[in-house]
Amino acid sequence: MSEASAQRIKFNDKDVYNMREYIEHTIARGETLTSIARRYGTTVQELVRLNRITNPDLIYAGETIRVPASSGTRSYTIRRGDTLSGIAQQYGTTVNELIRLNDISNPDLIYAGDTILIPASGSSTYTVRRGDTLWAIARRFGTTVNRLARLNGIVNPARLSIGQVLLIP
């Protein structure tokens, strides 16, 4: 697992949002705001604003920042003897989804006490294919564009990337 760790916290920041749930993320060596934003389904601009970062190109390993908690994920603390396949089976997801959500470089190396993100129960995933639109995906799964956009931290519903993995409510 990467050096990054995440844990759920409550934070009251009147300038940003009033009593919103956040994840505290410790920046690992080699991470960028872009990679962190992609991991948590948010934008670089949101991270800059939320953490009052003056230079988005200047972040340091070991520094802790707040990221908005996605309504499509929750945290899980790894216990002794856990495996990614066991966690995936327990929560009705896949090992690949856990790897993607947590930017895990070696799925055979997870450590007791680390906290990872798992898809919230009741969610499944869909991988965007050529020609997909958020409207068509929403219709296919019986939901709305707004709900899909909110669940996945999509700022511009007209911009999807082929291969992008979406959480489906």
Discussion item. Return the CD1 to CD1 distance between I36 and I65, rounded to the nearest 0.5 Å.
Written reply: 4.0 Å
N/O donor-acceptor pairs under 3.5 Å from side chains in residues 156-169, not counting sequence neighbours:
from : atom 1 : to   : atom 2 : distance (Å)
N156 : OD1    : A158 : N      : 3.0
Q164 : OE1    : S161 : N      : 2.9

Fill in: CD on Q45 to CD1 on I53, rounded to 0.5 Å
11.5 Å
Practice prompt. Could you tell me the separation between the CZ atom of R29 and the CD1 atom of I27, rounded to the nearest 0.5 Å?
Written response: 14.0 Å
Item to complete: Taking the side chain as every heavy atom from C-beta outward, state whether H25 and R66 have any atom pair closer than 4.5 Å.
Response: no
Worksheet entry | Approximate separation, where rounding is to 0.5 Å, of D82 CG and I116 CD1 | 8.0 Å
Discussion item. List the residues meeting side-chain hydrogen bond (donor to acceptor under 3.5 Å, both in side chains) with S85, not counting sequence neighbours, and say none if there are none.
Written reply: T83
Response to the item:
The side-chain contact (heavy atoms from CB on, under 4.5 Å) partners of N55 (sequence neighbours excluded) come to D57, L58
Scan the side chains in residues 135-145 for donor-acceptor partners under 3.5 Å anywhere in the protein, sequence neighbours excluded, and list what turns up.
from : atom 1 : to   : atom 2 : distance (Å)
R140 : NH1    : Y126 : OH     : 3.4
T144 : OG1    : R147 : N      : 3.0

Fill in: Side-chain (E31) to main-chain (A28) donor-acceptor, under 3.5 angstrom
yes
Worksheet item: So which heavy atom on S105 is nearest to which on P107, and how close?
Response: O-CD, 3.8 Å
Practice prompt. Check whether any side-chain heavy atom of I110 sits under 4.5 Å from a side-chain heavy atom of L84, and report yes or no.
Written response: yes
Fill in: side-chain hydrogen bond (donor to acceptor under 3.5 Å, both in side chains) partners for R79, two or more places apart
Y76
Practice prompt. Could you tell me which non-hydrogen atom of A88 sits nearest to which non-hydrogen atom of T94, and how far apart they are?
Written response: CB-C, 3.6 Å
Practice prompt. Locate the shortest heavy-atom distance separating I78 from I87; write the atom from each residue and the value.
Written response: CG1-CD1, 4.4 Å
